[in-house]
Amino acid sequence: MKSNKAIGVFDSGIGGLSIWKEIINLLPYEDTIYLADSKNAPYGQKSKQEIIDLSVKNTELLLDKGCKIIVVACNTATTNAIDYLRENYDVPFIGIEPAIKPAALQTKTNAIGILATQGTLTSELFHSTSNKFTEGVNVIEQVGEGLVPLIEKGEIDTQEIKNLLYKYLKPMLDENIDYLVLGCSHYPFLIPQIREIVGHKVTIIDSGEAVAKQTNTILKDDNLLNSTNNSKHLLYSNADLNSMIRIVSSIKNCTVKTLDF
Ligand code: DGL
């Protein structure tokens with residue numbers, strides 16, 4: 001039965017685990033297969049065509065493994081490749097985009113910050129969403145250059161990360177932002193360090209919960225929900241496994257493996 005198949009999730013590395021965690025919390029009966037393409041991280045500095053090619057490679061592997069739906073748990077891959085994937089593969093795709101809309105609708109200071117990769121901030125999809133919702137709002141966009149490789153290495157609570165974050169966030173604080181949008185699935189792992197810099201007056205938003213809810217909606221609409229399962233989770237990385245193991249170690253029924261893809 002198709003509903004017994006797994007939810008496939010991919011990212012350029014371990015960042016998408018922030019989304020995957022929301023999915024397994026909301027959908028506890030579902031099996032999942034997660035691909036961390038850490039060997040090719042970061043995607044954020046690559047060309048649109050390179051991001052499409054890597055997304056195709058990940059999608060085909062998840063389809064070979066029989067996945068019933070694919071969650072592109074990467075803003076950079078979503079904003080550059082999801083149209084191509086939807087046109088070329090006959091399976092539902094869920095993407096993740098920076099949550100600009102709620103930030104722009106709720107800001108009281110009329111200033112919001114967006115921290116994302118270069119690939120996301122320069123994409124057509126990001127521009128069209130941003131133009132639709134941010135008229136009259138001061139939007140401070142910032143590329144989080146250098147953050148993803150450090151997160152991949154597990155170097156999170158370090159002075160190097162704190163210095164980079166301060167450099168990226170200080171100009172936003174100077175503009176009096178009250179919302180900060182995390183537009184890269186790796187960045188939720190930095191929330192404690194970001195909070196130290198921005199304080200409690202700034203609301204930090206990421207899209208993880210919204211992606212999990214949307215996955216639930218589409219599975220329900222397509223009669224693909226698995227309601228009778230003891231869920232199992234297979235997580236593959238094509239690079240060092242340590243950071244992944246650290247993140248999933250407290251979660252039940254996870255198998256973490258190296259795979260060359
Ligand atoms: N985690 C990804 C994102 O959400 C990509 C980070 C990268 O590989 O540059 O954009």
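Each ligand, and each atom within it, is numbered from 1 in the order the structure gives. Owing to the predicted nature of the structure, the values given are computational and were not obtained by experimental measurement.
A donor-acceptor pair is defined here as one N or O able to donate and one able to accept, closer than 3.5 Å; no such pair exists between the side chain of Asp178 and the backbone of Thr107.
Nearest heavy atom pair, residue Ser38 against residue Ser237, reads OG-OG, 4.0 Å. The heavy-atom pair separating Thr120 from Pro98 by the smallest distance is CG2-CG, 3.7 Å.
Around CD of Gln159, the count of heavy atoms belonging to other residues, nucleotides or ligands within 6.0 Å exceeds 12.
Qualifying salt bridge (charged side-chain N to carboxylate O under 4.0 Å, His left out) partners for Asp157, counting only residues two or more places apart in sequence or in other chains: Lys162.
A salt bridge does not link Lys2 to Asp222: none of the charged nitrogens lies less than 4.0 Å from a carboxylate oxygen. Residues Lys57 and Asp53 are not paired through a salt bridge, judged by the lack of any N-O separation under 4.0 Å between the basic side chain and the carboxylate.
At least one heavy atom of Cys74 sits closer than 4.0 Å to an atom of ligand 1.
The backbone and the side chain of Cys184 each have at least one atom closer than 4.0 Å to an atom of ligand 1 (non-hydrogen atoms only). Residue contacts with ligand 1, taken as heavy atom pairs separated by less than 4.0 Å, involve Val148 solely via side-chain atoms from C-beta onward. At a heavy-atom distance under 4.0 Å, only side-chain atoms of Thr117, from C-beta outward, approach ligand 1. For Asp11, every heavy-atom contact with ligand 1 shorter than 4.0 Å involves the side chain, none the backbone.
For atom 1 (N) of ligand 1, the nearest non-hydrogen atom of the protein is His186 ND1, 2.7 Å. Atom 9 (O) of ligand 1 has as its closest protein heavy atom Gly44 N, 2.8 Å. Scanning all protein heavy atoms for the shortest distance to atom 7 (C) of ligand 1 gives Tyr43 N, 3.3 Å. Protein heavy atom in closest approach to atom 3 (C) of ligand 1: Asn75 N, 3.3 Å. Looking only at heavy atoms of the protein, atom 10 (O) of ligand 1 is closest to Thr76 OG1, 2.6 Å.
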Acceptor/donor pairs from residues 22-33 side chains to any protein atom, 3.5 angstrom cut, sequence neighbours excluded:
| residue | atom | partner | partner atom | Å |
| --- | --- | --- | --- | --- |
| Asn25 | ND2 | Lys21 | O | 3.2 |
| Glu30 | OE1 | Lys68 | NZ | 2.6 |
| Glu30 | OE2 | Asn226 | N | 2.8 |
| Asp31 | OD1 | Asn229 | ND2 | 2.6 |
| Asp31 | OD1 | Lys232 | N | 2.8 |
| Asp31 | OD2 | Asn229 | ND2 | 3.3 |
| Asp31 | OD2 | Lys232 | NZ | 3.2 |
| Thr32 | OG1 | Trp20 | NE1 | 2.9 |
| Thr32 | OG1 | His233 | ND1 | 2.7 |

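Looking at Gly13, Pro149, Ser185, it is Ser185 that brings a heavy atom closest to atom 4 (O) of ligand 1.
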